[in-house]
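Some notes on the structure that comes next.
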Amino acid sequence: MRDYRKQVQIVFQDPYESLNPRFTVFDQVAEPLRALGVGDKVEVRERTLDTLELAGLVSEEYKDRYPTR
């Protein structure tokens, strides 16, 4: 099942209920990689920053922010 979970993703319908307000944007995106044990700290950081860039979020500007309404 763990291998299957690496190939799929959950698409949450309500972002206000699905984002943990105690996690930064960086931690929200990195959490699945950490939970599945994908790579080491350096790889998780690189993949997370790349994902933020792909989403159109300038990583240095948004990575340390918290989700707000």
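Excluded from the calculations below are hydrogen atoms, water molecules and symmetry mates; all remaining heavy atoms, backbone and side chain alike, are included. All residue numbers refer to positions in the sequence shown, counting from 1.
- Applying the side-chain hydrogen bond (donor to acceptor under 3.5 Å, both in side chains) criterion to Asp27, with sequence neighbours excluded, gives Thr24, Arg34.
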Full working for side chain to side chain contact (heavy atoms under 4.5 Å, CB included) between Val25 and Leu52: CA-CA 9 Å; Val25 170; Leu52 291 174; 3.7 Å; yes
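- Phe23 and Tyr66 fall into different hydrophobic clusters, where Ile, Leu, Val, Met, Phe, Trp and Tyr side chains are chained together by heavy-atom contacts under 4.5 Å.
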Side chain to side chain contact (heavy atoms under 4.5 Å, CB included) evaluation trace for Phe26 with Arg45: CA-CA 9 Å; Phe26 181 88; Arg45 179 175 169 74; 4.1 Å; yes
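- We find the CG-CD distance between Asp50 and Glu43 to be 10.5 Å, quoted to the nearest 0.5 Å.
- With a 4.5 Å cut-off on side-chain heavy atoms, Val44 and Val38 do not count as touching.
- Nearest approach of Pro67 to Asn20, heavy atoms of both residues: CG-O, 3.7 Å.
- Side-chain heavy atoms closer than 4.5 Å link hydrophobic residues (I, L, V, M, F, W, Y) into clusters, and following such links, possibly through other members, connects Leu57 to Val29.
- If you chain together hydrophobic residues whose side chains sit under 4.5 Å apart, Met1 and Val8 fall into the same group.
- A distance of 11.5 Å separates CG in Asp40 from CG in Leu33, rounded to the nearest 0.5 Å.
- Atom CD of Glu31 is separated from atom CG of Leu36 by 9.5 Å, given to the nearest 0.5 angstrom.
- Every residue was checked against the side-chain hydrogen bond (donor to acceptor under 3.5 Å, both in side chains) condition with Gln28, not counting sequence neighbours, and none meets it.
- Val58 forms part of no hydrophobic cluster, judged by ILVMFWY side-chain heavy-atom separations under 4.5 Å.
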